[in-house]
Q: 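One structure, pasted below without further comment.
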Amino acid sequence: MFNQEMIQLGTQRSVIREIFEFGNQRAAQVGRDNVFDFSIGNPNVPAPPAIKAAIEDIIERESPVAYHSYTSSAGSQSAREAIAKNLNTRYGTDYEADDLYLTCGAAASLNITLQSLIRSEEDEILTVAPFFPEYRFFVTARGGRFVVVPADLESFQIDFEGLRQALTPHTKALIINSPNNPSGVVYSKQTYEQLAEILREKAQEYGHPIYLISDEPYRELVYGGETAHFVPNFYENTIVNYSWSKSLSLPGERIGYILIPKKLQGAKDLMAAVFGSARILGFVCAPSLFQQVIERCVDVQPDLRIYEANRNLLWNRLRQMGYRMAKPDGAFYAFIESPSGSGEEFCERAKKYDLLLVPGTGFGVPSHMRLSYCVKTETIEKCLPLFEKLMAEYRAEGIVE
């Protein structure tokens with residue numbers, strides 16, 4: 001009677017959500033402080049004070065009609081002008097309001113973008129492991145074929161030989177995510193330069209553009225002198241999907257944008273397709289109040305001190321214990337290699353200590369597990385002896401020397 005595929009998706013939570021709900025159940029039984037839940041990427045750093053001040057000022061000074069009513073489908077002119085100005089100042093670009101379409105967060109941006117690009121089931125959308133698991137569902141729901149480039153397990157940059165093998169005449173676009181969820185790795189300038197060279201070469205060979213979709217909810221979360229490079233400055237056919245969910249700790253407000261630079265091949269038609277895709281998906285008019293909030297707060301930067309302190313603590317102590325992982329220079333995730341070679345086995349073993357992590361299978365790297373360290377630093381400190389106990393178990397079993 002109903003769409004069976006949608007019923008299946010609706011009755012099966014993502015692995016991340018399943019572990020999060022398991023953590024809630026355990027917290028009710030043993031107390032929240034005794035459960036070390038690192039499953040979900042929910043920012044623990046409060047939104048900057050400027051956000052609250054902007055909301056209060058808008059509500060106090062303006063008529064409710066001004067912040068509760070519809071805006072233009074693409075978002076208010078003034079909000080898009082403010083975003084364009086911010087990008088131009090930071091990255092030396094020349095964007096205008098008409099290059100932007102405001103959305104209900106990065107997920108809406110991705111679905112609108114994919115709906116606009118995919119024309120048939122032969123169209124291939126590539127991504128690089130490790131990747132956000134929902135990419136697979138977004139691509140297949142829009143009618144495309146999802147193709148995974150295997151991970152570079154040493155650096156978690158891009159395996160360019162794997163990318164070359166994955167590219168075909170049917171390749172429509174490649175989704176990248178840096179800083180990366182789940183590894184926390186930030187792509188280097190050299191990575192972007194080589195990526196752009198390969199995509200241009202293959203686009204010329206195939207006789208059509210290959211679009212680069214840069215998924216950027218973590219762009220502002222970078223530590224230790226690293227830089228989150230602005231992707232359109234390396235590759236002209238880049239579509240940016242952005243969200244303030246993580247940078248300004250606003251995941252529940254669902255506010256982001258699609259950027260389509262005018263120098264992108266077919267930019268005018270693609271923007272028209274974005275309008276049409278948003279229309280049929282029901283994503284017209286991002287939340288009006290938060291369009292105004294972002295307009296006022298677009299230059300506000302996040303406080304990274306807690307995330308960096310948590311990263312430093314985990315990076316130093318886990319490596320001392322013998323764990324392996326690529327250094328997370330951005331976002332708030334650590335992607336840790338399981339001593340047994342199976343992330344699922346480690347995560348199940350860790351549950352007896354109420355230590356909750358997400359196996360890497362859904363991210364395309366089954367040997368690893370993700371730890372989301374957007375938590376209190378004291379939670380990190382309290383969980384470290386549990387990691388030591390687990391490593392001691394592996395040594396006692398002869399799995400680790």
Q: Do Pro251 and Asn42 make a side-chain contact, defined as non-hydrogen atoms from C-beta onward lying under 4.5 Å apart?
A: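 Contact flag for Pro251/Asn42 side chains = yes.
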Q: Restricting to non-hydrogen atoms, name the atom on Thr103 and the atom on Ala108 that form the minimum distance, rounded to 0.1 Å.
A: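 For Thr103 and Ala108, the tightest heavy-atom pair comes out as CB-CB, 4.3 Å.
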Q: Taking the side chain as C-beta and beyond, is there a heavy-atom pair between Leu384 and Leu318 under 4.5 Å?
A: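 Yes. Closest side-chain heavy atoms under 4.5 Å.
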Q: Under 3.5 Å, side chain of Ser372 to main-chain N/O of Ile40, donor-acceptor pair present?
A: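 Present.
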Q: How about Phe335 and Phe156: are their ring centroids closer than 6.0 Å?
A: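 Yes, close enough.
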Q: Using the ring pair (Phe, Tyr, Trp, His ring centres under 6.0 Å) definition, which of the options Tyr187, Phe234, Tyr91 pairs with His229?
A: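 Among Tyr187, Phe234, Tyr91, the one that satisfies the ring pair (Phe, Tyr, Trp, His ring centres under 6.0 Å) with His229 is Phe234.
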Q: Flag yes if more than 12 heavy atoms outside Asp94 fall under 6.0 Å of its CG atom; otherwise flag no.
A: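 Atom CG in Asp94 is not packed in, count stays at 12 or less.
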Q: Assert yes or no for the condition that the ring centre distance of Phe332 to Tyr218 is strictly below 6.0 Å.
A: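 Distance test on ring centres: under 6.0 Å, yes.
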Q: If I compare all heavy atoms of Lys262 with all of Asp99, which pair ends up nearest, and what's the gap?
A: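 Minimum heavy-atom separation between Lys262 and Asp99: NZ-OD1, 2.7 Å.
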Q: Going by heavy atoms in the side chains, are Tyr223 and Tyr307 under 4.5 Å from each other?
A: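 In contact.
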Q: Show, in sequence, the C-alpha distance, side-chain angles and deciding distance for Phe387 and Tyr323, and conclude whether the ring-ring contact (aromatic ring centres under 6.0 Å, His included) test is met.
A: CA-CA 9 Å; Phe387 277 98; Tyr323 290 96; 5.6 Å; yes
Q: Looking at Asp152 and Gln157, what are the two nearest heavy atoms and their distance?
A: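 For Asp152 versus Gln157, the nearest heavy atoms are CB-O, 4.0 Å.
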Q: Does CD belonging to Gln77 count more than 12 external heavy atoms closer than 6.0 Å?
A: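 It does: Gln77 CD has more than 12 such atoms within range.
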Q: More than 12 foreign heavy atoms under 6.0 Å from CD of Glu201: is that the case here?
A: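 It does: Glu201 CD has more than 12 such atoms within range.
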Q: Taking the side chain as every heavy atom from C-beta outward, state whether Lys52 and Ile55 have any atom pair closer than 4.5 Å.
A: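 No. Closest side-chain heavy atoms not under 4.5 Å.
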Q: Quick check: do Ile176 and Tyr192 have side-chain heavy atoms less than 4.5 Å from each other?
A: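 With C-beta onward as the side chain, the pair touches.
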Q: Quick one: which residue pairs count as a ring pair (Phe, Tyr, Trp, His ring centres under 6.0 Å) with a foot in residues 101-130, not counting sequence neighbours?
A: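 Qualifying pairs: Tyr101-Phe275.
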Q: Donor-acceptor pair, Asn312 side chain versus Ala309 backbone, under 3.5 Å?
A: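 Absent.
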Q: Is the distance from the ring center of Phe38 to that of Tyr373 below 6.0 Å?
A: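 Centroid separation for Phe38 and Tyr373: 6.0 Å or greater.
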Q: Inspect the surroundings of CZ in Arg61 and state if more than 12 heavy atoms from other residues, nucleotides or ligands are less than 6.0 Å away.
A: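 No, the 6.0 Å shell around CZ holds no more than 12 heavy atoms from other groups.
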Q: Quick check: closest heavy atoms across Thr238 and Pro261, and the distance to 0.1 Å?
A: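 Reported closest heavy-atom pair: O-CD, 3.3 Å.
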Q: Do other residues, nucleotides or ligands put more than 12 heavy atoms under 6.0 Å from the NZ atom of Lys352?
A: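 Counting neighbours around NZ of Lys352, more than 12 heavy atoms of other residues, nucleotides or ligands fall under 6.0 Å, so yes.
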Q: Please check if the number of heavy atoms outside Lys202 that lie under 6.0 Å from its NZ is greater than 12.
A: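 Yes.
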Q: For the residue pair Tyr242 and Trp244, does the interplanar ring angle fall in the parallel (under 30°), tilted (30 to 60°) or perpendicular (over 60°) class?
A: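 Taking Trp244 first and then Tyr242, their aromatic rings stand perpendicular (interplane angle over 60°).
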Q: Find out whether the Lys NZ or Arg CZ of Arg349 is both under 6.0 angstrom from the six-membered ring centre of Tyr394 and within 45° of the ring's axis.
A: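 Positive - Arg349 is close enough to the ring of Tyr394 and near enough to its axis.
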Q: Contact between Gln301 and Glu220 at the side-chain level, heavy atoms closer than 4.5 Å - yes or no?
A: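 When only atoms from C-beta onward are counted, Glu220 and Gln301 do touch, with a gap below 4.5 Å.
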Q: Pick one: which of Leu126, Asp123, Ile125 meets side chain to side chain contact (heavy atoms under 4.5 Å, CB included) with Thr171?
A: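 For Thr171, the side chain to side chain contact (heavy atoms under 4.5 Å, CB included) check succeeds only for Leu126.
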Q: Trp315 ring centre to Arg317 NZ or CZ under 6.0 Å, with the angle to the axis within 45°?
A: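 Here Arg317 fails the 6.0 Å and 45° test against Trp315.
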Q: So which heavy atom on Leu117 is nearest to which on Ala173, and how close?
A: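 The answer is CD1-CB, 4.0 Å.
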Q: Would you mind checking if Lys351 and Glu345 are paired as a salt bridge, meaning a charged N to carboxylate O distance below 4.0 Å?
A: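 Answer for the salt bridge query: no.
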Q: Is it true that Glu124 and Arg145 make a salt bridge, defined as a side-chain N closer than 4.0 Å to a carboxylate O?
A: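 Salt bridge flag = yes for Arg145 with Glu124.
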Q: So Glu337 and Ser367, side-chain hydrogen bond (donor to acceptor under 3.5 Å, both in side chains) or not? Walk me through it.
A: CA-CA 6 Å; Glu337 184 178 354; Ser367 57; 5.5 Å; no
